[in-house]
Structures are given as structure tokens and as C-alpha cells.
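Reminder, nothing fancy here: chain letters follow the sequence lines and each chain counts from 1. Worth saying up front: this structure is predicted, and the values here are computed from it rather than measured.
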Amino acid sequence: MARILITSAIPYINGIKHLGNLVGSQLPADLYARYCRARGDEVMFICATDEHGTPAELAAKKAGKPVAEFCAEMHEVQAKIGAGFGLSFDHFGRSSSPQNQVLTQHFAGKLADAGLIEEVSESQVYSNADGRFLPDRYIEGTCPNCGYENARGDQCENCTKQLDPTDLINPRSAISGSTDLEVRETKHLYLRQSALKDQLDEWIDSKTDWPVLTTSIAKKWLHDGDGLQDRGITRDLDWGVPVKKGTEDWPGMEGKVFYVWFDAPIEYIAATKEWADKTGGDWERWWRTDKGADDVRYVQFMGKDNVPFHTLSFPATIMGSGEPWKLVDYIKSFNYLNYDGGQFSTSQGRGIFQDQALEILPADYWRWWLLSHAPENSDSEFTWENFQAGVNKDLADVLGNFVSRVTKFCRSKFSEAVPEGGAFGEAENALIADLTTKIRAYETHISAMEIRKAASELRGIWVAGNEYLQAEAPWSTFKTDPDKAAGQIRLALNLIRLYAVLSAPFIPEAAAKMLSSMNTLDTSWPDDVEAAVNALPAGHAFTVPEVLFAKITDEQREDWAARFAGTRD
RNA sequence: GGCGUUAUAGCUCAGUCGGUUAGAGCGAACGACUCAUAAUCGUUAGGUCGGUGGUUCAAGUCCACCUAACGCCA
């Protein structure tokens with residue numbers, strides 16, 4: 001039994017995410033976690049909300065709430081949505097937790113001890129009206145290059161020219177609109193990633209089995225231009241982890257907090273501690289190689305935009321600490337999911353948001369389609385036609401109808417119990433052999449986190465059941481040899497249980513319904529397929545389930561396509 | 001502007017180290033079946049692999065340039 005630590009990139013607290021965010025990390029991570037558990041591995045599956053930073057403060061202000069209260073509420077909203085999609089986190093934490101505060105300060109202290117923190121003085125724009133320093137993108141003004149009036153301090157959106165906030169004509173705060181701005185000197189801490197460049201480079205080189213997407217992004221950051229740059233890890237904000245050196249104050253850094261990207265990945269560890277504090281579990285045996293984590297395999301899931309932080313910044317924090325923390329063993333990264341020819345857009349309300357998705361269809365529909373179209377090798381595309389076709393064909397016609405035809409036939413010709421009689425012959429043995437091959441391939445794909453291939457293989461496993469029924473035609477056999485038909489249906493009923501077990505990582509709700517209608521708690525993995533198709537013995541009672549998957553109609557599709565094309569109401 | 005990714009049947013995508021007639025699912029056509037959610041099963045028709053040139057006995061698969069889309073950085 002292996003021990004697997006799984007983390008999904010932590011979603012930002014600010015608002016409800018769209019489906020692209022789901023398929024890029026949480027959903028595949030959940031698939032893998034469920035699969036590992038089903039195979040008997042000991043799994044710790046961690047996610048959290050990423051709560052610090054300016055956008056959270058501004059969103060709270062817009063909502064007219066204190067930022068802590070806003071984050072607490074949004075955390076509950078996201079937790080509820082996650083549960084709605086069946087995400088089986090062992091713990092869904094918060095980066096604003098006391099545990100993360102302590103750990104983040106701890107890491108900063110260790111990095112400072114190791115000489116990997118540098119204090120840098122820089123000038124930054126301060127807004128007197130807002131009472132705060134303004135990040136570049138929160139300063140607006142007239143572009144000196146093209147005259148565009150709403151240019152941002154980092155770049156003019158109109159002419160794309162790169163700017164410094166001090167270049168802007170008539171600069172103003174994007175938060176309050178105030179023009180009462182001044183440039184002040186302020187001191188910040190920088191993580192000396194450049195000092196760890198060779199160590200990181202060597203480490204990345206050793207990861208020969210990682211997806212190209214992951215390593216190529218890491219390599220680019222390591223070698224582009226002047227190589228890996230030091231990174232500012234503090235900000236002049238109120239909301240965040242106060243800057244401390246371990247448990248001690250950090251002279252000159254009063255009133256400052258750590259940058260959100262410094263404390264966010266540390267939350268993976270802190271969330272595990274949150275879990276431990278809640279359950280009495282031992283978090284260090286997952287994270288400290290000197291305290292039992294040396295046999296843990298740690299896998300991270302994330303979108304490609306998160307890769308630099310997980311391949312470089314966070315490992316730099318871990319390595320630089322000089323302490324035996326667990327480093328990631330495998331990073332599975334994803335490209336983007338596009339919506340109907342363009343991007344999902346949170347700001348434009350374009351595409352489908354997670355809460356809306358759950359309002360219109362059960363989670364399994366989304367899980368199946370999104371996972372079977374996961375953007376693994378390149379960006380992939382969501383269209384309503386494709387979604388409708390995929391869901392109707394795979395779930396309703398191939399799997400759902402299989403369950404329906406088998407259970408209803410048995411009820412009408414025999415009874416609502418596994419029929420007795422008949423013996424497995426050549427056709428049954430051939431099916432068992434075929435399923436064995438396919439199930440072993442399915443295991444291989446899902447173990448390798450080849451999500452699409454796993455989905456395709458699973459579908460093939462479902463199809464094999466229909467092929468068998470079509471070839472053996474128990475409805476015909478029954479007329480001349482009811483005993484033989486009984487054996488065929490006994491096998492088919494057992495396939496329903498088998499399919500439930502195999503499919504549960506993808507479609508947990510439907511799998512639960514299938515098991516419940518088969519009236520069994522036996523979720524044992526089919527290491528031996530022949531044994532698995534004999535699990536439900538003759539005489540075992542079952543019930544005919546409700547329709548597992550209702551089809552999406554053309555009217556629904558058109559209605560939804562229109563509803564989600566434009567602005568979110 | 002720099003860097004990177006992608007471009008394969010109507011659609012969504014596979015194609016491992018360059019090597020026999022380029023694969024899958026959907027969609028389409030035809031056939032079989034009638035237990036089932038007008039579901040299922042089978043057969044067939046569709047691509048010369050964005051363009052141009054090159055390397056090679058041999059290229060979708062390597063190289064150069066071009067085009068298009070997207071992304072990252074500055």
C-alpha cells in the first residue's frame with residue numbers, strides 16, 4: 001500500500017471560478033485521489049482557498065465587507081461548490097489560517113538564517129487618500145505614448161507599451177480615483193532564487209518523467225535572459241501574513257505582509273496541519289521526511305499558469321529552508337479550456353461558472369465531459385454541441401442504457417434478483433479476457449495520469465458490455481434456453497457492479513446509484529476479473545434504478561448556449 | 001519586440017525511437033437486432049497530416065522560412 005500526497009492548485013478567493021479552473025487542477029486531482037483510494041493506497045488530498053492579496057481586499061471593499069469576513073464567506077461558497085462537484089478533499093483549508101501564518105513566518109526565518117533573503121529599498125507610489133501603497137496595475141493615467149486615458153501603471157492596454165507608474169500623465173488611484181499620490185521609499189524582502197538556480201536546475205533535470213509542459217516552462221524561467229530572478233516576497237498591505245522572522249519581529253518590516261505567492265503554496269503544508277488539528281491526525285508524516293514522509297509520493301495538479309511557482313519558487317522555499325520538507329515528486333500540469341471559440345472570461349461573464357453548471361446539470365455530467373476532454377496536450381475547446389453529444393452518447397446511451405436494459409430484462413423475464421442457472425462458456429470467458437486487458441490498460445493510464453486515455457479506455461469497457469449482449473442476445477436465448485439466458489444476465493448484472501467500481505473516480509454519484517441498485521457495498525477493485533464478475537451470486541436481490549443519465553435536449557442546449565454567451569447576470 | 005505552444009478526417013482529439021495501405025470517438029450512409037433512455041451492435045465512406053523548401057533510401061514525425069491562432073515575458 002503506497003502513501004500518496006495529492007494537492008490541487010488552490011483557487012483564489014475572489015469570486016466563483018469557471019469550469020476551466022475546475023478541469024485544470026481540482027477535477028483531475030480528485031480523479032487521481034479517488035482512484036488511488038480505490039486501489040487501497042493511503043491518500044492525503046489537500047486543497048484550500050488562496051485568500052491574500054490586493055484583489056481580495058478590493059473585492060471585499062466592493063462588497064462592502066471587512067476583508068476577513070468576505071474571505072470567510074467566499075471560502076464557504078467555494079467549499080460548497082467543491083462538495084457539489086464531488087471533490088473528495090481530505091481537507092479544504094484557508095491560506096489565511098493561523099497554521100499558515102506560523103509556517104510562512106517559519107519558512108521566512110529559516111530562509112533568512114540561510115542568507116537567502118535580501119532587503120531591497122525601492123520607491124513605490126503611495127496614495128494618501130487610500131492610505132496605502134499602490135501596485136503598478138492599480139495606478140491609472142494618460143499614456144505618454146498614445147494619449148490613451150485609462151492606461152495602467154504597468155502597461156497601456158491601448159498601445160501595449162510597457163510603462164512605469166511614474167511615466168503616466170495625471171496619474172490617479174484605480175481604487176479611489178484620487179490624484180493625491182506620491183512616491184515613497186519602502187523596503188522589501190527578496191527571495192534570492194538566483195542563489196538556488198543551479199540546485200533547482202539539477203533538480204528539474206532529474207525529473208525526466210515529467211510532462212514536457214511542466215519542464216519546458218521551468219527551464220524557460222531558469223535560463224531565459226539573465227536566468228532565474230530574485231523575487232520580492234513582501235508587500236505593503238494590511239491583509240496577509242505579517243512579516244516576521246520565525247516568531248520574532250523583523251526590524252524595518254513593520255506593517256508589511258508576505259506576498260500572496262510566498263504564502264499560498266506553504267498553505268499545502270499548513271492545510272494538512274489544519275486537518276491534523278481538526279482530526280487529531282499526524283501531519284508531519286506527510287511532509288517531513290525525517291518524520292515518516294520519506295515513503296510518500298507527492299503529486300501536484302495545476303494549470304500551466306501555476307507551473308513557475310511550483311517548479312521554482314516553492315521548491316526554492318523548501319530547499320532554501322535547509323529542513324527536511326517533502327519536495328514534490330510529480331507535477332501534472334494542464335493547458336487551458338476555451339469556451340466556444342474564445343476564452344472563458346471571468347470579467348466578461350463569458351462561459352460557465354461552477355455554480356451555474358451545478359444548477360443546470362448534475363456534477364457527473366460535467367466531471368465526465370471535462371475529464372474526458374482534459375486539456376492535457378494543448379488547449380482544448382468546450383462547445384455545447386460537443387458537450388451534448390459526448391454526454392448523451394457516452395453516459396446516457398452507452399452506460400446508462402446498459403444498466404437499464406440489463407436490469408429491466410431481468411425483472412421482466414426472471415425477477416429482481418440475480419438469476420440462477422447456466423454456466424459461463426466460451427463467450428463469457430472471451431469477455432472476461434477482453435475486460436482484463438482493458439482494465440489493466442485503464443489502470444496504466446490513470447496511474448500515469450493520462451486522463452483522456454483513461455476516459456477512453458473506460459468507455460471501451462462500457463462498450464464491451466453492450467457488444468457482449470448484442471452478440472449473445474439473451475432475449476433470443478431466453479426463448480429456447482432460459483437457463484443459458486440466466487447465466488448471461490447474471491454476468492451482465494455483475495458487470496453493472498464492476499462498472500460502478502471502475503467508473504467511480506470519474507462519475508462518483510452515478511457509481512453510487514449503480515451500487516445501491518445492485519444492493520451491494522462491495523467496491524473491491526477487480527484485480528481478478530473472473531472473480532469480480534461472480535461477486536453477486538445467484539439469488540442476490542437488486543432493484544431497477546431510475547434513469548441514470550437523462551439526455552440533454554436540443555432545446556436545453558440552445559437555451560444554455562444563449563444564456564452563457566454574454567454577461568453574467 | 002523577444003520567447004514559447006499549437007496547426008492531422010465535417011467535429012473533438014491520438015499518433016511513442018522518422019519506416020509497410022495515417023488511427024479513435026462523435027457525426028453521416030447502409031445493414032442487423034428489438035431486452036433497453038428511438039437505446040445497442042456491425043459495415044462503409046471521409047484526411048496526404050497549415051504552406052514552401054530542405055535533410056534522408058524513407059518525414060505527419062527532423063531542419064529552415066512563411067502563414068494563422070493562442071500564451072508568456074518585456
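Under 3.5 Å, the side chains of E428(A) and Y468(A) contain a donor-acceptor pair of N or O atoms. Looking only at atom types and distance, the side chain of T311(A) has no donor-acceptor partner in the side chain of W203(A) under 3.5 Å away. With hydrogens and angles left out, the side-chain atoms of Q193(A) and R231(A) include no donor and acceptor closer than 3.5 Å. Looking at N534(A) and R490(A), their side chains never bring a donor and an acceptor atom within 3.5 Å of each other. Side-chain N/O atoms of Q300(A) and N306(A) include no donor and acceptor closer than 3.5 Å.
Of the listed nucleotides (G15(B), U37(B), C41(B)), G15(B) has the atom at the smallest distance from the side chain of K453(A). Checking U37(B), U12(B), U34(B) against every side-chain atom of W475(A), the shortest atom distance belongs to U34(B).
A22(B) and G47(B) have their P atoms separated by 12 Å, given to the nearest Å. Between C73(B) and C26(B), the distance separating the two C1' atoms is 39 Å to the nearest Å. On the P atoms, G10(B) is 15 Å away from A45(B), given to the nearest whole Å. Rounded to a whole angstrom, the distance from the C1' atom of A68(B) to that of G50(B) is 8 Å. Separation of the C1' atoms belonging to U5(B) and U44(B) is 37 Å when rounded to the nearest angstrom. For the P atom pair drawn from C62(B) and G4(B), the interatomic distance equals 15 Å after rounding to whole Å. A24(B) and C49(B) are spaced 16 Å apart, taking the C1' atom of each and rounding to whole Å. Across the C1' atoms, A28(B) and G46(B) are found 9 Å apart, a figure rounded to whole Å.
In this structure, N335(A) places its CG atom 12 Å from C1' of G4(B), rounding to the nearest Å. Atoms CD (E450(A)) and P (A24(B)) sit 19 Å apart, rounded to a whole Å. If you take CZ of R452(A) and C1' of U16(B), they are 18 Å apart, rounded to a whole angstrom. At whole-Å resolution of the value, CZ in R557(A) and C1' in C11(B) are 13 Å apart. The distance from atom CD of E385(A) to atom C1' of A28(B) is 17 Å, rounded to the nearest whole Å. Straight-line distance from the NE2 atom of H445(A) to the P atom of G15(B): 10 Å, rounded to whole Å. If you measure from atom CZ of F309(A) to atom P of C72(B), you get 12 Å, rounded to the nearest angstrom. If you take NE2 of H373(A) and C1' of A14(B), they are 13 Å apart, rounded to a whole angstrom.
To the nearest 0.5 angstrom, S25(A) atom OG is 10.5 Å from I10(A) atom CD1.
If you check residues 386-417 of chain A against RNA chain B, the residues with a heavy atom closer than 4.0 Å are N386(A), A389(A), K393(A), A396(A), D397(A), G400(A), N401(A), S404(A), R405(A), K408(A), F409(A), listed by number.
In this model, the phosphate group of C26(B) is approached by a side-chain N or O of R459(A) to a distance below 4.0 Å at OP1 or OP2. In terms of phosphate contacts, K551(A) brings a side-chain nitrogen or oxygen within less than 4.0 Å of OP1 or OP2 of A39(B).
A salt bridge links E376(A) to K332(A): one of the charged nitrogens lies within less than 4.0 Å of a carboxylate oxygen.
The residue L469(A) sits apart from the nucleic acid: no heavy atom pair falls under 4.0 Å.
Between H373(A) and W369(A), the two ring planes are parallel [angle under 30°; tilted spans 30° to 60°].
The nucleotide C72(B) finds its pairing partner in G2(B), both defining distances of the Watson-Crick or G-U wobble pair being shorter than 3.5 Å. Pair check for U52(B) finds A64(B); Watson-Crick or G-U wobble, both atom distances under 3.5 Å. Across all strands shown, A24(B) forms a Watson-Crick or G-U wobble pair with U12(B), both key distances being under 3.5 Å. A 3.5 Å limit on both hydrogen-bonding distances identifies U43(B) as the Watson-Crick or G-U partner of A29(B).
Each of T407(A), T543(A), N519(A) was compared with E416(A) under the side chain to side chain contact (heavy atoms under 4.5 Å, CB included) criterion, and only T543(A) meets it.
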